[in-house]
Structures are given as structure tokens and as C-alpha cells.
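If you're wondering where the values come from, they're calculated on a predicted model, not measured in any experiment.
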Amino acid sequence: MQIPQVKAGLVGVTGYTGMELARIAASHPAIKLVAVTSRAEAGRPLHEIYPFLQGFELGDLVISDSNPDELAKKCDVVFLAVPHGTAMEMTGQLRARGVKVIDLSADFRLRDAATYTQWYKVEHQQPACLAEAVYGLPELYAESIRKASLIANPGCYPTASILGLYPALKHKLVETGDIVIDAKSGTTGAGRKPGVPTLFCEVQDSFRAYGLPGHRHTPEIEQELSAIAGEGLIISFNPHLLPVNRGILATIYTRLAKKISLEEAHEVYTKAYAPHKFVRVLPLGRLPELRSVRGTMFCDINLVLDPRTGRLIIISAIDNLCRGASGQAMANANLMFGLPLDAGLNFAPLAP
């Protein structure tokens, strides 16, 4: 079978998600970056910004300013690795020119424009697109992704949280009224823009909570969990900043809705994710850790049952840049263009 060749553009190549997408695209068998943009670095070859691309064909690609007409001429699909608020305007321009879009910002993740405005303090300029956007979590929406022209790439915290809770809610193992997500992220989750809170000396040898009690990923998590559960859910989502570069570990506290053993709950999870290559339900007794997923598409999950409190504790680990952003965006592109989900994404974990 002939592998289709897909021409892709990347708007916002100099952020962390742009960097990770470039890393992935450099060796992808079918999806080729033919345009990369950055206002600040226009005119420079990509290998000057990212020396790790020296010797790759992609490294010689010259960064340009973002121009919808030029992108439309060159590209079948464009990845938008830009801040929320910026992506919605560019999405409208590109889609009007017949280009498929994968948006890595939050601009199309929330299906209700008023909810978006409430949490992001920006009026949504493309509300008609919200109904057309497909939430890009392949384990839940693969068939819709294949038919889509606009993908809302999930956030990193929501990816870890939703995958962690999906089987428990789908199979009514836990109560829906008392769910606490205690999540920790590496500092790349805050983006590449310089700021005092993410300076090395501020983060190293420390650990802190942030964004409490109303982190912007909360409505995204609630939206998807409510769809799984078949009822409106309100969850307690509490993020923390780890003194590491990349990775997310979510410890999720739930209450059992019925009497079930740990082995039975583990079997539910194992069966639920058996068809899904990039979710690994670990053997009982082995808990997820960041070093096992670093730089990969894997979501590692396991369970702990506390009979004293009646809690099922779910632990979920992902790499925030790969599975939680750029790798997931590439997986969505694979599906959109009829490629295997894992094309170009079979990475071993990065060495310590």
C-alpha cells in the first residue's frame, strides 16, 4: 500500500510544543513539515534555533512569518502551536482556504462559547467552528477524528485525567460527586515565555501548587468526564509544579460506587484499554512514574484500592509535551489522513 504524503505547516515553531512537533516530524514517514513560522525568528533556518535538527532535511527549512495565503498554497494541514485567543482567528482564515487545522491551544476544546469566555476572559470569535471541532483524544473519538477538518487538541492535564477516569466512569465503578484530581506537571507545561515563577532558581529544589481553585483546564476536564458519565460532573482539580522539565503525574481520588475488589477493577481497566496501544495498564503493584513515559506517547495507569476509606485511587502518568500536546497532535493528523495512529510515534522513553 502506498503511504500518502502529507504537507504540513507549523505556526509557532519556537515554543516548547513547536519544538516537540519539529522533533517528531523530522523522522515521520509520511507527514512532512514544509512551512514553519515565527515572527521573532523569521528568515533563519530551523537548525539554528534547534541544533538537534542539524543533518535532518527539516533543519534546513527557513522560518517564515505566518501568512494564511502562503500556508494554504503549501499545506494540507496546519498545526497551530500558538496561545489561546490567537488560534481562533488563524483557524478561521485557514479553514476558509480549505486547509485542515489541528489547534494545540484551548480555543476549540470547550463546546460552549460562553464557557470559554468565562474561563479564558476572551470573547470567542469563531463560535460556528465550535460545533465542527472534534476533541482530539484518539481513545475516545478516533472515528470522528478521521472525518474531521478541525481538531481541538486536548490539554496535557485533561489527557492524563480523562484517560485515568474513563473506565471507572464508563463502567460505573465510582461515585460521580466526589472526584479529586491532584496533578503535578513539569515546568515545560507553563510554556517557553520567560517569567520569574519558572526560572531555574525558583523551581529547582521546590514544589508548589498553583492556579487554585480555578485552573483553566477544569471546564475541559468536566466537559469530557460529564459526557462519559452521562451526567454533569463537578470535579476538584488541583495542579502543582514539579522541579522537572517534562511529565505529568495525576493522582485521582474517587469513592467506590459498589463493592468491587482491586483485581476486578484492574480487569475493567485492562479490558477497556486492550485495543489502545498508547495506554498501558500496569501490573498490579507497579505504580506509574514519569521516567517511564518521558518523550513517549504512552499513558501509564494503575490503581490502588483503600478499603478503609472506600476510595479507588487512580494514578496516571504522561509526558506533557508528547502525549499531552505535540505527539497527540501528530496522532490526530495520522488519523485525519488515513495513516496508522502510531505512524512516526513509536518512541522509546528518553534516557535520564
Side-chain angles (χ1 to χ4, degrees), residues 4 6-13 15 17-18 21 24-25 30-31 33-37 66-117 119-120 122-156 158-159 162 216-217 219-221 223-224 227 324-339 341 343:
V6 179
K7 296 177 181 178
L10 169 54
V11 177
V13 70
T17 54
L21 255 170
I24 293 167
I31 297 177
L33 282 180
V34 297
V36 294
T37 81
S66 57
N67 181 307
D69 288 322
E70 291 301 314
L71 288 168
K73 289 176 185 177
K74 297 177 181 179
C75 303
D76 304 306
V77 62
V78 172
F79 298 96
L80 298 181
V82 294
H84 73 271
T86 303
M88 67 178 83
E89 181 180 356
M90 299 188 74
T91 295
Q93 293 170 341
L94 290 166
R95 295 188 77 231
R97 292 162 172 81
V99 181
K100 294 184 178 183
V101 174
I102 299 174
D103 176 27
L104 282 80
S105 84
D107 281 353
F108 297 97
R109 294 174 188 163
L110 299 177
R111 298 187 181 98
D112 180 67
T115 303
Y116 175 88
T117 299
W119 286 85
Y120 287 90
V122 177
E123 290 290 332
H124 207 290
Q125 303 302 312
Q126 301 285 335
C129 290
L130 292 177
E132 301 174 24
V134 173
Y135 192 71
L137 194 58
E139 286 78 9
L140 273 63
Y141 300 115
E143 291 307 312
S144 297
I145 293 167
R146 287 188 177 96
K147 303 170 187 175
S149 62
L150 171 58
I151 298 294
N153 210 60
C156 48
T159 295
I162 295 162
R216 287 171 171 174
H217 278 153
E220 181 183 342
I221 297 170
Q223 170 185 276
E224 296 304 316
S326 304
Q328 189 144 261
M330 190 62 79
N332 285 319
N334 285 340
L335 293 176
M336 292 171 81
F337 289 95
L339 297 165
L341 174 71

Worksheet entry | Verdict with reasoning, Leu339 to Ile31, per side chain to side chain contact (heavy atoms under 4.5 Å, CB included) | CA-CA 10 Å; Leu339 297 165; Ile31 297 177; 3.9 Å; yes
Fill in: Gap between atom CG of Leu21 and atom CG of Leu33 - 0.5 Å precision
7.0 Å
Discussion item. For Arg111, is there an ion pair with Glu224 - N to carboxylate O distance below 4.0 angstrom?
Written reply: yes
Worksheet item: Quick check: does any side chain N or O of Glu220 sit under 3.5 Å from a backbone N or O of Arg109, one acting as donor and the other as acceptor?
Response: no
Worksheet item: Side-chain contact, heavy-atom cut-off 4.5 Å: Leu140 with Ile162?
Response: yes
Discussion item. Tell me if a side-chain donor or acceptor on Ser326 pairs with a main-chain N or O of Thr17 at a distance below 3.5 Å.
Written reply: yes
Discussion item. To check you understand the geometry: which heavy-atom pair defines the closest contact between Leu341 and Ala331, and what is its length?
Written reply: CD1-CB, 3.7 Å
Fill in: Check: Glu132 and Phe108 side chains under 4.5 Å, non-hydrogen atoms
no
Worksheet entry | Closest contact, heavy atoms only, Leu80 versus Met90 | CD1-CB, 4.2 Å
Worksheet item: Out of curiosity, Leu104 CG to Cys156 SG, how far, rounded to the nearest 0.5 Å?
Response: 10.5 Å
Fill in: side chain to side chain donor-acceptor pair (under 3.5 Å) evaluation trace for Gln328 with Thr159
CA-CA 9 Å; Gln328 189 144 261; Thr159 295; 3.1 Å; yes
Practice prompt. Determine, step by step, whether Thr115 and Gln223 satisfy the side chain to side chain contact (heavy atoms under 4.5 Å, CB included) criterion, reporting the C-alpha distance in whole Å, the side-chain angles of both residues, the deciding distance to 0.1 Å, and the verdict.
Written response: CA-CA 10 Å; Thr115 303; Gln223 170 185 276; over 6 Å; no
Discussion item. Exactly one of Asp103, Val36, Val82 should register a side chain to side chain contact (heavy atoms under 4.5 Å, CB included) with Val11. Which one does?
Written reply: Val82
Discussion item. Please give me the minimum heavy-atom distance between Asp107 and Leu130, naming the atom from each residue.
Written reply: O-CD2, 3.7 Å
Worksheet item: Do Leu150 and Thr91 have side chains that get closer than 4.5 Å, going by heavy atoms?
Response: yes
Item to complete: Identify the two heavy atoms, one from Leu10 and one from Ala81, that lie closest to each other, and give their separation to 0.1 Å.
Response: CD1-CB, 4.0 Å
Worksheet item: Is it the case that more than 12 heavy atoms not belonging to Glu70 sit under 6.0 Å from its CD atom?
Response: yes
Worksheet item: If you take all heavy atoms of Arg95 and Cys129, which pair is closest and at what distance?
Response: NH1-SG, 3.5 Å
Fill in: For the student: nearest non-hydrogen atoms of Trp119 and Arg216, plus distance
O-NE, 3.2 Å
Worksheet entry | Gln93 side, atom CD; Asn67 side, atom CG - distance, nearest 0.5 Å | 9.0 Å
Worksheet item: In terms of side-chain geometry, is the basic nitrogen of Asp69 or Arg97 positioned less than 4.0 Å from the acidic oxygen of its partner?
Response: yes
